[in-house]
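Throughout, a chain's letter reflects where its sequence line sits, starting with A, and its residues are numbered from 1.
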Amino acid sequence: MSLLEIKDLKVRVDNHDILKGINLTVNPGEVHSIMGPNGSGKSTLAQVLARREAYAVTGGEVLFNGKDLLAMKPEEAACEGIFLAFQYPVEIPGIGNAYFLRSALNAVRKYHGQDEMDAMDFLPLFREKLKLLDMDEKLMNRSVNEGFSGGEKKRNEILQMAVLQPRLAILDETDSGLDIDALKIVSKGVNAMRSPDRAMIVVTHYQRLLNEIVPDFVHVLANGRIVKSGGPELALELEEKGYAEIEDTRQPMPA
Amino acid sequence: MIAADEQIGTYLELFSQFQKRAPGHDVRWLRDLRESAFARFCEVGFPTTHNEDWRFTNVSAISRATFELAPKSAVAARDLGSYRIANAACQLVFVNGHFSRELSNLGDTSPGLTVSSLGEQISVDPASLEAHLGRYLNIQRDAFSALNTAFAEDGAYVHIRRGTVLLNPICFLFISTARDRPVISSPRNLIVAESETQATIVEDYVSLGGDATAFCNTATELFAGDNAVISHYMIEREHQEAFNVSTLRLQQERSANISSHSVLLGGGLVRNNVHPVLAGEGSECLINGLFIGNGHQHLDNYMLVEHASPHCASRQFYNGILDDRAHGVFHGRIIVHKDAQKTDAKQTNRNLLLSDDARIDTKPQLEIYADDVKCTHGATIGQIEENALFYLRSRGIDEISARKLLLLAFASECLERMAANPARDHVEQLIHGHLLKIANSTKNLAKLTTEDRDRNWEEIG
Ligand SMILES: Nc1ncnc2c1ncn2[C@@H]1O[C@H](COP(=O)(O)OP(=O)(O)OP(=O)(O)O)[C@@H](O)[C@H]1O
Ligand SMILES: [Mg+2]
């Protein structure tokens, strides 16, 4: 059974049709990259999969692990194994990072009937993941993302993913704003999580990320539709020619 | 204003009986103090909303009611279990304003500390009180302070002698019990902290046995001598029909440092007056507060910060969380007297409104008569951020827990300003429990659209 099956998904935001019929199948073990121009709907798709309620689904269906994803609340989707690394991670003053992460892990554990972890049990796991992402433990005593640099925020997203061990990770421009060293660290963290029963959707504008995290498939999302799919070579082609050509051939503009 | 109210006659009757039997009725200065206070009360009567200081708070439910003076009454010790405070140095218990020796825990005697009830102190040694009692509270400007003074007979009395450092909190528990008829109680507390002392005081107001009409009109005078470092906590958690007016008058001598923490969780009609006078050079005060209202609670915070000497600093931080039809008020008045050069005064009021019907009125009022001062103020009103809520939920945390976390994060701004102490642990526990209840009331779970995102926080004032 495929892990994720998106069939003719249509989404409207504030009376604008943003996604106009997306079809995508993701099997366990696969890495899919989604590329596309600004404003084409990539983040919208990512947020809908993470069940952001403000985005109204107007058509289609999504099965995750055979279950109706669109009927789930965000917390249910997360507990079922969906993880979204945000394009713009949210700062939450007053909630400690470590505390937040442990609460999240315990929520997921509880959902699966596992015992909750106290701070002592959690510490070794936590330290191991911090090390993987080359993060300073001091950051963890601060509020969630508050005052973090752009790179620290992105690393923090991957840290959360590494702790929560999702079935499907959706990375929304996790590479944007990273210098090459940080990009390598983040990619190492992501690659460490590739496994035959975990899948990933990597949203990016840049080939340089796909050099590090080599995808099995590349899709181009333009104007609310997937207009082209291919292998890793498609990303190279896009880098060279840009999106304009693909969009033009698929969607001739009315005169 | 003319005291046209028909109820003044009732108070007159109550007062003439009271003056005959009250402790210290034969002590000249005390009798004069009560009489002049009562005269002042009759002269001004209860305030109306035409009075600028009461613009947002209508007290007609109090002024129209016919109260009796709360009689002495008994409470079973086992009913107090949940109101004990872990690691308190002592806990004085008052039932409807009257000291209960049986219920109190007077703690270990320390040579530098006298803790007793004001009633007993008046009976045993009234002369010891004359230098401070009634010296600070302004009965001219506030009818409730005048009324409290007129009927002052009991409350807590604490005297901390020079150089005494007390780590565990000195706690007072004020219990209102349900009576058949509406009652008024007038606890009056006096805390004298001599120079170089350090202590924490907790006033905790609770109700027992049902939500009958009761009015607790309480006042505290706290004198902090040179270099004294004092924390004061006021906790209001009476039932949702209770009337509670409290006035905390702080008198700060040279370099005295006071932190006032108000935590309002309960009460129906609540007025919390905090009035520090920075009388000595270099004194500092932190005025920190958290008010959390739901149902139809009305929680009014009136701050009057008087800078009377140079080089003093005041910091006001009040956070409000309002749900349902609750109405919060924050009135922050700062007066900088002519000689108070180099004053550094700051005021911040932040509010979270959880429902469309909840309301906050916030009003800064700066009166500056010195020329070399720094005064800033700011206020914000916002909702729970949909972004933050979604972020937490996207990690598996359920909506109620996520809301509770966000409310707690907002409240923790106030908690973090409290020094580590058993008193802080106590209020922290109360706040956690209370916010869980608020987060659980699912009737108003956030249904914000993306449009709302941009106007989540609004700067006002
Ligand atoms: N809250 C909103 N209100 C109105 N329009 C919105 C809202 N959020 C997104 N949109 C619109 O939806 C479209 C798709 O946005 P989306 O963020 O999904 O694009 P994207 O492909 O992720 O772009 P980028 O590459 O810049 O991140 C854009 O036209 C955007 O302006
Ligand atoms: Mg995007």
Undergrad: Where on B/Ser394 is there a heavy atom nearer than 4.5 Å to chain A: the side chain, the backbone, both, or neither?
TA: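 Both backbone and side chain of B/Ser394 come within 4.5 Å of chain A.
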Undergrad: Evaluate the ring planes of A/Phe86 and B/Tyr391, with Trp represented by its six-membered ring, and classify them as parallel (under 30°), tilted (30 to 60°) or perpendicular (over 60°).
TA: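 Ring orientation of A/Phe86 relative to B/Tyr391: perpendicular.
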Undergrad: Counting only heavy atoms not in B/Gln429, do more than 12 fall under 6.0 Å of its CD?
TA: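 Open: at most 12 neighbouring heavy atoms sit under 6.0 Å from CD of B/Gln429.
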Undergrad: Please classify the contact between A/Ala77 and chain B as side chain, backbone, both or neither, with a heavy-atom cut-off of under 4.5 Å.
TA: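 Contact with chain B: none, neither part.
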Undergrad: Would you say that more than 12 heavy atoms from the other residues, nucleotides or ligands in this model lie under 6.0 Å from the OH of A/Tyr111, or not?
TA: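 Yes.
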Undergrad: To check you understand the geometry: which heavy-atom pair defines the closest contact between A/Gln47 and B/Phe390, and what is its length?
TA: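 That would be OE1-CE2, 3.5 Å.
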Undergrad: Could you tell me whether B/Arg393 and A/Glu76 have a side-chain N and a carboxylate O separated by less than 4.0 Å?
TA: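 No, B/Arg393 and A/Glu76 are not salt-bridged.
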Undergrad: Quick one: are A/Ile95 and B/Leu392 in side-chain contact, heavy atoms under 4.5 Å?
TA: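 With C-beta onward as the side chain, the pair touches.
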Undergrad: Rounded to the nearest 0.5 Å, what separation is found between the CZ atom of A/Phe100 and the CG atom of B/Leu405?
TA: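 Spacing of CZ (A/Phe100) from CG (B/Leu405) equals 9.0 Å.
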Undergrad: So does B/Asp356 have more than 12 non-hydrogen atoms from other groups sitting under 6.0 Å from CG?
TA: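 No - once you tally the heavy atoms of other residues, nucleotides and ligands closer than 6.0 Å, there are 12 at most.
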Undergrad: Are there over 12 heavy-atom neighbours, none belonging to B/Lys346, within less than 6.0 Å of that residue's NZ?
TA: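 Counting other residues, nucleotides and ligands, NZ of B/Lys346 stays at 12 neighbours or fewer.
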Undergrad: Taking everything shown except B/Arg325 itself, do over 12 heavy atoms lie less than 6.0 Å from its CZ?
TA: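 Counting neighbours around CZ of B/Arg325, 12 or fewer heavy atoms of other residues, nucleotides or ligands fall under 6.0 Å, so no.
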Undergrad: Looking only at heavy atoms, which two atoms of A/Ala78 and B/Gly396 are closest? And how far apart?
TA: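 Heavy-atom minimum between the residues: CB-N, 3.4 Å.
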Undergrad: Is chain A contacted by the side chain of B/Leu408, its backbone, both, or neither, given a heavy-atom distance below 4.5 Å?
TA: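 Neither the backbone nor the side chain of B/Leu408 comes within 4.5 Å of chain A.
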Undergrad: At what distance, to the nearest 0.5 angstrom, does NZ of A/Lys73 lie from CD of B/Glu399?
TA: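 Rounded to the nearest 0.5 Å, the NZ-CD separation comes out at 7.0 Å.
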Undergrad: To the nearest 0.5 Å, what is the distance between CG on B/Leu389 and CZ on A/Arg52?
TA: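 So the gap between those two atoms works out to 9.5 Å.
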Undergrad: Check A/Val108 against B/Arg395 and note the closest heavy-atom contact, atom names and distance.
TA: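 Closest pair (atom of A/Val108, atom of B/Arg395, distance): CG2-O, 4.0 Å.
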